[in-house]
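Per chain, numbering begins at 1; letters A, B, ... match sequence-line order. Bear in mind that the values here come from a model prediction, so they are computed numbers and not experimental data.
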Amino acid sequence: MSETQPKVFDNVPSPFCGIASDDLKITVEGLDVRVVANADTVTRPGFEQPITDTVPRIAGQPATLEQAVARAASLVNDAHLPVFSGFGTDVNETRAALSLIDRCRGVFDQARSGAGLRNLLVLSDSGWMTTTLAEVKNRVDVLVVFGADLEAAFPRFFERFIWVEETLFGAGTGQREIIFIGSAPPPSSAATSPDGREPTLIPCVTEALPQVAAALSALAGGQYLQAASVGGVAVAALQAVVDRLKAASYGVITWAAGQLDFDHAELTVQQLCKAVVALNRATRCAGLPLGGQDGDRTASQVAAWISGYPTRVSYARGFPEYDPFHNDAGKLLSSGEADVLVWVSSLSVTPPPVSGVPTVVIGRSGMCFEREPEVFIPVGVPGIDFAGHMYRCDNVVALPLYQLRESDLPRAADVLKAIERALGGS
Amino acid sequence: MLTKLTGGKVYDPAHGINGEVRDIYVRDGRIVAHHQADGVRPDQEFDCRGKVIMAGAIDMHTHIGGGKVTIARNLLPEDHRNDPVARSGPMRAGTGFAAPSTLTAGYRYAEMGYTAGFEPAVLPINARQAHMEMADTPMLDVGGYAMLGSDDFFLRLIASGAEQEIINDYVAWTIHSSQCIGIKVVNPGGISAFKFNQRKLDLDEDHCYYQVTPRKILQSLARAVHELGVPHPLHVHGCNLGVPGNLDTTLNTITGIEGLPMHLTHIQFHSYGTEGDRKFSSGAAQIAEAINRNPNITADVGQILFGQTVTASGDSMMQFANHAHAHPHKWVCMDIECDAGCGVVPFKYKDQNFVNALQWCIGLEIFLLVEDPWRIFLTTDHPNGAPFTTYPHLIRLLMDKSFRNDVLSTINADSAALSTLASIGREYSLYEIAIMTRAGAARILGLHDRGHLGAGAAADITVYTEQDDKEAMFTTPDYVFKDGELVVKNGEVIKVVWGNLHTIRPEFDRASIESRLKPYFDRYHTLKMDNFIIRDWEIEDDGRSKIMVHPCRGQA
Ligand SMILES: [Zn+2]
Ligand SMILES: [Zn+2]
């Protein structure tokens, strides 16, 4: 076999999208990775991002890994409050980060926690009834997409879970109804059924989504609304959605918290969840919170079992404390409370926010900076350069990630462990 | 290195040793026979005179890992906020209480003398998470029971009248793929039925879509487990959990299994009658009698103890039915991946509440009326009946009649009056506690080298100072050894170790069952069969957990 023969991998799981497609076909030639089947606009750049930097830097100057680790350790050690963010990471990397954070009394906060909290705050305030992707694939007869452009974040959602060839329970997918509340799906949307049925659209501006969610919840709970319209949407149209869900065997209401980008969006999510619970008095209905790009769910899950809290955890007083508002990395940096930022991101090349404090980046090779960090350690990618584990958006299915190529890039987990070792005993 | 534990009173029921004073020798993590240690000067010696020595305790049913535990963690930040645990000595920081963080759970178990815990509700689709959480639970050996019985692949097999051999292959494949040590069934068929909007499923009622009954499901799974030679009997969370009158369902479940081995879990929740003004009464006497009469039946109790906890169960149907009782009022139900489901409902058991107080009595009655301690196990179904940290209190209730009656006199008077508890004189002995929490648990799981102190056993050993107050005694062991290493001293972790994963690998026809499963995954699932199977590297590669494979009956 010649040196240049590409290696071919089938059924490769993607750590980059929250629905974790695991049917990708990938070829690897040297360090060059290509998705050759079932690629989409999220997975292709995720896998194909080329390796650029391979050498660590201290203040922009090339350094050995040992030197970079030592410099990072001394910054963390001298910090009053080091804050750790980023967390496009896999399970082992998150474990290693939490161990270091515990050791150095830091704060843990993912870059995407703001979106995740729109769901987590609902979970801890009232709970919810939810479902997972295979249940949707096999059971859903009415899908309400609330305030989301699903395909922007999950391009293959409709192909993989809605317009499938067959389902477990015999019913064809031809009868499935899709209702969008919010903006119209893009013209190229796969929300239109293969036989050309357009989804139902209830147009609604973003600002009106909270009111419309509240109205839906009231109607689902059997309340009568005197108003004829809410947030510019006819109550009759919302009543029709509720009636359709009541008549459904397995309705699903889905949203992408990352796209509900307005203040107190958790209250909107909560109304949707209340509607779901009300509908379950007589029929079955479930919520489907979509999210989890770039390992966001993974970091949250690991933090929940290791610290007891899913995000924004501070170990500053020697034990984990959860404060979803105060322990916001952005806030801690801008207020000056945090004095070192450690940015851990092996999945995504998104750089850290520019801040006034010394920054350590343990980041995917290919990351570019607006301002050169004090320490940059380029690392490999779980699911490309080495094996690992990641969570899908439903927080249930964890997928194995496999090594596809041989690079000399270190693993973020090993870098984090080395920094912890350099800090010495407890 | 040779370690000697000198002069302790040894309780080792697997060898019939009942409080005899003996020396115990440990070398390379194993207990060695006296003749192998004779004449060798021990490298270290522990003076155990006046102390009680038992094998490390084994919790055979405790929810320590997996999706629903982490849902409980996320549902109840206040549960943790009230019990922060600072980093201390070799121990990392964490949080207690009803659904503690994994690290804290491991330390606290060890500090009570436990060296193993088994997660009873591993959804195969979520098994990876269960293993990752158990891997992050230090100090303990772990294992899991894979949940079947509401998964669509199995229900389709049953509904189509598939031969037992195919069922057996599927059950074995599931045990292998999810790296488990047994099979559990939860509300047989009911979790699936709930997805079809069926709200109740009795033992002989048809699943509205598949037209199969829980009785049939139980029989086919129990037979599969038996025929595969799986040491642990089918682990059954029966129909109608918590429903007054479910006593009859449980009795029918026992007769319906037709003599096959079966373990009835948290049986307290399935032992309710409908007598009295409030149509809620104890069925403990009938249940205990049925267990006594049927040697194929084992049970763990699932004792409730008063206070705040959280119930986390695969039984989405019954958890949904009970959600109005949530305290605080918030709860989660999930349908999961055509595999199973879950329900998480926080709960506060109150001693002045008639039902809760009677539940407390019913559990204790069952403990005291089942005659054979080898067939009944000490559990609270952590955290469903109470957090595992209540075990020393529960042991005292069982060992100390006057303490028990003192507590009885403080609970709801109507419940106390209806219970026969006051008239039961039995007090468990240390020997019987050692059976329930060590020897019996190891035997029912097929762990040949755990739960006893014979030569060749893993040196998981707990040393207590004998005290009249058994709660104090079992709260703070003097020493705990894990695989021969001293890890706890005076009730405090002094060394952090990582346990083993106990599994079995029954023989089966992989090619045959995978020829059905692979296309099933491709057509209906959202991941590929190859990505569903948990490989050994996923457990062992980070260098902490080691997989221990125990033989099935008929395997060398
Ligand atoms: Zn159960
Ligand atoms: Zn249980």
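- More than 12 non-hydrogen atoms from other residues, nucleotides or ligands lie less than 6.0 angstrom from NZ of B:Lys330.
- B:Phe347 pairs by the ring pair (Phe, Tyr, Trp, His ring centres under 6.0 Å) definition with B:Tyr349, not counting sequence neighbours.
- If you measure heavy-atom distances from B:Lys68 to chain A, you find no contacts under 4.5 Å at all.
- The aromatic rings of B:Trp537 and A:His389 lie parallel to each other, their planes meeting at an angle below 30°, with 60° marking the opposite boundary.
- Chain B forms more heavy-atom pairs under 4.5 Å with one residue of A:Tyr250, A:Phe319, A:Tyr322, A:Trp305 than with any other, namely A:Trp305.
- A pairwise comparison of heavy atoms in B:Trp331 and A:Val277 identifies CZ2-CG1, 3.8 Å as the closest pair.
- Taking chain B as the reference chain and counting heavy-atom pairs below 4.5 Å, the highest number among A:Asn395, A:Thr167, A:Val164 is found for A:Thr167.
- Checking side-chain atoms of A:Glu135 against main-chain N and O of B:Asp335 turns up no donor-acceptor pair under 3.5 Å.
- Among B:Arg535, B:His323, B:Lys195, B:Arg81, the residue making the largest number of heavy-atom pairs under 4.5 Å with chain A is B:Lys195.
- At a cut-off of 3.5 Å, with distance as the only test, a side-chain donor of A:Arg392 or B:Thr526 sits close to an acceptor on the other residue.
- Other residues, nucleotides and ligands place more than 12 heavy atoms under 6.0 Å from the CZ atom of B:Arg156.
- With a threshold of 4.5 angstrom between heavy atoms, B:Tyr210 approaches chain A through side-chain atoms but not through N, CA, C or O.
- In this structure, the portions of B:Val332 lying under 4.5 Å from any heavy atom of chain A include both its backbone and its side chain.
- Looking only at distances, a side-chain donor or acceptor of B:Thr95 sits under 3.5 Å from a matching main-chain atom of A:Ser307.
- Residues A:Pro400 and B:Asn531 come closest through the heavy atom pair CD-O, 3.4 Å.
- The most heavy-atom pairs under 4.5 Å with chain A, out of B:Asp541, B:Asn126, B:Ile336, B:Leu103, come from B:Ile336.
- Ranking A:Leu123, A:Asp102, A:Ile19 against chain B, the residue ahead of the rest is A:Asp102, based on heavy-atom pairs under 4.5 Å.
- In this structure, chain A has a heavy atom under 4.5 Å from the backbone of B:Ala340, while its side chain stays farther away.
- The closest donor-acceptor contact from the side chain of A:Ser124 to the backbone of B:Pro77 lies at 3.5 Å or more, if one exists at all.
- There is no contact between B:Asp79 and chain A, counting heavy-atom distances below 4.5 Å.
- Among B:Gly343, B:Gly341, B:Cys338, the residue with the largest count of heavy-atom pairs under 4.5 Å with chain A is B:Cys338.
- Using a 4.5 Å cut-off between heavy atoms, A:Ser99 touches chain B through backbone and side chain atoms alike.
- When B:Pro84, B:Gly67, B:Ala72, B:Gly65 are compared by the number of non-hydrogen pairs under 4.5 Å with chain A, B:Pro84 comes out ahead.
- Using a 4.5 Å cut-off between heavy atoms, A:Ile101 makes no contact with chain B at all.
- In this structure, A:Lys137 contributes its side chain and B:His525 its backbone to a donor-acceptor pair below 3.5 Å.
- No donor-acceptor contact under 3.5 angstrom links the side chains of B:Asp530 and A:Asn11, judged on distance only.
- Within the 4.5 angstrom heavy-atom criterion, atoms from both the backbone and the side chain of B:Ile125 approach chain A.
- Counting heavy-atom neighbours within 6.0 Å of B:Lys348 NZ, excluding the residue itself, gives a total of 12 or less.
- Of all heavy-atom pairs spanning A:Arg95 and B:Met132, the tightest one is NH2-O, 3.0 Å.
- Note on A:Cys273, A:Pro13, A:Pro320, A:Ala286: by heavy-atom pairs under 4.5 Å with chain B, the leading option is A:Pro320.
- In plain terms, the two heavy atoms of B:Asn74 and A:Gln301 that are nearest each other are ND2-OE1, 4.2 Å.
- Seen from the ring of A:Tyr391, B:Arg128 does not count as a face-on cation partner, given the 6.0 Å and 45° thresholds.
- For B:Asp152, the part sitting under 4.5 Å from any heavy atom of chain A is the side chain, from C-beta outward, and nothing else.
- Between B:Gln129 and A:Val396, the shortest heavy-atom contact is OE1-O, 4.2 Å.
- Counting heavy-atom pairs under 4.5 Å between each of A:Arg139, A:Glu165, A:Arg160, A:Glu321 and chain B puts A:Arg139 at the top.
- B:Asn197 places a side-chain N or O within 3.5 Å of a backbone atom of A:Ala282 that can act as its donor or acceptor partner.
- In this structure, A:Thr132 contributes its side chain and B:Glu337 its backbone to a donor-acceptor pair below 3.5 Å.
- Here the side chain of A:Glu166 pairs no donor or acceptor atom with the backbone of B:Arg523 at under 3.5 angstrom.
- Among the candidates B:Arg92, B:Met334, B:Glu78, the residue making the largest number of heavy-atom pairs closer than 4.5 Å to chain A is B:Arg92.
- Put simply, of A:Val397, A:Leu120, A:Leu399, A:Ile306, the one with the most heavy-atom pairs under 4.5 Å next to chain B is A:Ile306.
- Minimum heavy-atom separation, B:Tyr209 to A:Phe169: OH-CA, 3.4 Å.
- Under a cutoff of 6.0 Å and an axis angle of 45°, B:Arg73 and A:Tyr309 do not form a cation-pi pair.
- Contact tally against chain A (heavy-atom pairs below 4.5 Å) for B:Ala93, B:Gly96, B:Ala99: the top residue is B:Ala93.
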